[in-house]
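For reference, the structure discussed in these notes is given below.
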Number of protein chains: 2
Amino acid sequence: MWYGTGMKNVTIEDIARVAGVSKSTVSRVLNHTAVVAPEKRKAVIEATERLGFSPNVVARSLASGRSMTVGVLTQLIGSPFYDAISQGVIAGLGYSDYSPIFADGQWQETKQIDAIGALVGRRVDGMVLIGGGVPSDEISRQCSGLPTVIVARNLPSDRHHCIYMDNVSGGYLATRYLLQQGHRQIAIIRGLEHHPDAVDRFAGYQQAFNEAGLTPDPRLIVDGDFSAESGIRAVNELLSRDLAFTAIFAANDLSAFGARLALDQRGMQVPRDVSLIGFDDQLESAYVTPPLTTVRQPAREMGRQASEAILNLIEGGEFSTQAVQGELIIRQSVAPPLR
Amino acid sequence: MWYGTGMKNVTIEDIARVAGVSKSTVSRVLNHTAVVAPEKRKAVIEATERLGFSPNVVARSLASGRSMTVGVLTQLIGSPFYDAISQGVIAGLGYSDYSPIFADGQWQETKQIDAIGALVGRRVDGMVLIGGGVPSDEISRQCSGLPTVIVARNLPSDRHHCIYMDNVSGGYLATRYLLQQGHRQIAIIRGLEHHPDAVDRFAGYQQAFNEAGLTPDPRLIVDGDFSAESGIRAVNELLSRDLAFTAIFAANDLSAFGARLALDQRGMQVPRDVSLIGFDDQLESAYVTPPLTTVRQPAREMGRQASEAILNLIEGGEFSTQAVQGELIIRQSVAPPLR
DNA sequence: CCGGCTTCTGAAACCGGTTTCAGGATAGCG
DNA sequence: CGCTATCCTGAAACCGGTTTCAGAAGCCGG
């Protein structure tokens with residue numbers, strides 16, 4: 001078996017022979033790891049180019065102890081938000097000498113633990129964990145001594161480096177905006193019951209109400225699971241309960257889409273009859289009708305930040321947990337209530 | 001530096017010592033590569049578990065010549081279609097012992113060539129090329145002797161293994177459906193001018209007209225670039241030209257969303273005033289208002305198929321280029337024309 | 001009871017680099 | 001001019017596995 005651009009497989013030894021020097025010297029030239037006499041350096045470089053040599057990364061990894069790879073644990077459920085983070089990581093690593101290796105957690109804790117194990121076994125030099133629910137101490141155990149960044153999740157222990165979205169303030173922002181527009185009966189479609197993001201956004205919702213000296217109507221709180229279907233179900237449930245509401249705060253844009261569709265099917269217009277606000281600001285949200293007002297999560301940027309953080313940690317740098325703030329993106333799905 | 005679950009770093013040599021056998025025997029037990037006396041086997045397995053040994057994949061790769069990785073070249077532009085293919089590849093590889101390594105081509109030929117080179121340098125055992133525009137013979141050159149699958153692109157040479165969507169028949173399907181519904185003035189928003197997918201879909205559009213003994217109105221053909229913005233621009237252009245049309249075939253769902261929005265802003269309803277059909281069937285398409293009729297491209301499945309194909313090729317199996325057919329997904333954005 | 005064949009096993013070579021170490025050449029200094 | 005400090009360089013060890021090879025042990029039939 002052979003690879004590479006050309007023939008057999010040219011090794012550092014071949015270069016050494018052709019250039020009339022030793023392996024060591026070739027290595028030194030290639031890595032700029034020591035001063036080498038100019039004429040030898042030249043000979044090595046020429047030989048390298050003539051034979052079309054590209055060093056065997058695997059051998060190099062073994063010898064140097066660094067694999068030049070970063071393990072990325074995804075959850076792969078096809079959520080636009082998490083996917084965008086992965087993309088950001090890939091993009092951010094694109095400018096470095098490190099390559100990302102992916103493993104798929106499938107939102108199952110055991111799978112995630114296995115996947116982390118597989119990545120560790122591959123001797124990745126750093127680890128980026130996107131979302132997921134692996135317990136803190138399990139992470140510590142498996143990734144001890146290994147630079148690790150956790151994205152889109154906030155682990156309280158300061159052993160961990162996290163880049164997460166401040167979901168409380170995000171939920172607060174969305175709700176306060178609706179309140180400012182004059183809404184009082186604001187339904188909320190929550191995300192997965194125990195999902196920390198969902199819990200936090202809900203906390204923000206309550207906080208905005210509290211701050212305004214109001215109390216949300218508990219009957220307007222319905223559960224969902226971040227899917228578009230759950231948005232449909234939630235609206236149907238609200239309408240079947242025959243409750244009055246003038247606005248909906250959806251757990252994420254996808255469920256907002258579902259909610260929008262369900263409202264439309266019942267003949268209710270957004271924002272005339274009901275205002276609607278989402279969470280995420282995914283690509284499509286600016287182009288649905290009406291363009292969706294939402295809280296922007298800079299997913300791609302978070303991924304990119306994570307890649308920078310991990311590179312920095314690998315180089316021995318420092319990093320401390322960062323919360324990124326959501327941004328209210330005002331479009332056209334919210335209007336003051338009619339009356 | 002040390003990794004792993006526990007202490008220093010336990011190697012096969014440690015296991016050998018503890019189990020009272022030689023390295024060779026440990027290797028044989030771990031890889032089931034030869035028969036070993038039951039009691040020694042047991043000793044090895046026990047030692048392995050007790051010390052929490054996980055083999056160094058890098059060393060194994062170097063020795064065996066197989067890196068147990070598959071290189072994936074993406075284009076990372078955030079296109080829902082291409083992204084979904086990547087996800088499919090990750091998912092498909094999840095069940096194997098191979099891990100995907102990503103490199104980002106950024107839709108630039110030079111970047112793509114570099115990226116392929118980097119992957120080859122990493123001694124990947126197989127390569128999955130998603131989209132992109134690297135010339136056929138450049139691929140042959142760099143990937144010679146390396147199992148390679150090209151997804152979402154059809155290279156005529158039979159040296160290559162491709163999994164691609166039949167865009168001609170997809171475009172045909174969409175257009176024929178509109179014709180069947182009674183539309184005659186069918187505008188088309190094309191994708192990027194020289195993009196093969198766009199060209200093919202347009203060919204399908206013409207084919208459907210031909211087959212019906214009709215000719216499309218050339219003034220209803222406008223260019224786009226697969227973005228939502230381009231959908232908006234296209235509709236505005238059509239309307240400003242003051243042309244009569246009863247239906248729009250958009251290059252992809254994203255540009256259909258844009259078109260839908262632009263129509264809405266001009267007070268035109270879908271499908272009452274104008275019917276709209278897209279291409280892709282991305283996640284959100286079922287939940288916009290009205291739910292979008294479209295041609296489904298099984299992106300994720302294509303990625304999964306690619307991963308299966310590459311694993312098969314690595315094992316020495318055969319694979320021949322496959323065209324997957326699009327499927328017309330009828331929802332509610334198309335209706336017969338009013339008159 | 002012995003030769004031949006099979007089975008198991010360990011020593012050693014190997015994969016392709018990096019890194020240590022020691023020695024030779026050269027330069028600097030008194 | 002002699003002696004030490006410095007600079008280059010190559011030999012060899014090393015990273016942690018796999019695989020070859022040859023020898024030891026066990027089994028068989030004659």
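Just so we're on the same page: letters track the sequence lines, and every chain starts at 1.
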On DNA chain C, does the nearest nucleotide to Ile12(A) precede the nearest nucleotide to Arg28(A) from the 5' side, or the other way round? Give the residue. Ile12(A)

Does [X] reach a base, just sugar-phosphate, or nothing at all? Heavy atoms under 4.0 Å.
X        : value
Thr11(B) : sugar-phosphate
Ser24(B) : base
Val21(B) : sugar-phosphate

Can you give me the first and the last nucleotide of DNA chain D (5' to 3') that has an atom within less than 4.0 angstrom of a non-hydrogen atom in chain A? dC8(D) to dG16(D)

Taking the side chain as C-beta and beyond, is there a heavy-atom pair between Val70(B) and Met127(B) under 4.5 Å? no

Enumerate donor-acceptor pairs with a distance under 3.5 Å from any side-chain N or O in residues 297-304 of chain B to protein atoms, sequence neighbours excluded.
{"from": "Gln297(B)", "atom 1": "NE2", "to": "Asp280(B)", "atom 2": "OD1", "distance (Å)": "2.7"}
{"from": "Arg300(B)", "atom 1": "NH2", "to": "Leu76(A)", "atom 2": "O", "distance (Å)": "3.1"}
{"from": "Glu301(B)", "atom 1": "OE2", "to": "Arg296(B)", "atom 2": "NH2", "distance (Å)": "3.0"}

Check this for me: does any side-chain nitrogen of one of Arg17(A) and Asp14(A) sit under 4.0 Å from a carboxylate oxygen of the other? yes

Give me the atom names and distance for the closest heavy-atom approach of [X] to [Y].
X         : Y         : value
Ile12(B)  : Ser27(B)  : CD1-N, 3.8 Å
Leu119(A) : Leu73(A)  : CD1-N, 4.3 Å
Ala306(B) : Val151(B) : CB-CG2, 3.4 Å
Gln142(A) : Val120(A) : O-CG2, 3.7 Å

Axial bend angle, the helix from dC1(C)-dG30(D) to dG30(C)-dC1(D): five-pair end segments, nearest 10°: 50°

Contact list please: residues 30-41 of chain B against DNA chain D, heavy atoms, distance less than 4.0 Å, in numerical order. Asn31(B)

Indicate whether the side chain of Gln75(A) and that of Gln112(A) have a donor and an acceptor atom separated by less than 3.5 Å. yes

Salt bridge (Lys or Arg N to Asp or Glu O under 4.0 Å) with Asp104(A): which residues, sequence neighbours excluded? none

Could you tabulate the donor-acceptor pairs under 3.5 Å formed by side-chain atoms of residues 38-57 of chain A, not counting sequence neighbours?
{"from": "Thr48(A)", "atom 1": "OG1", "to": "Val44(A)", "atom 2": "O", "distance (Å)": "2.7"}
{"from": "Asn56(A)", "atom 1": "OD1", "to": "Val58(A)", "atom 2": "N", "distance (Å)": "2.8"}
{"from": "Asn56(A)", "atom 1": "OD1", "to": "Ala59(A)", "atom 2": "N", "distance (Å)": "3.1"}

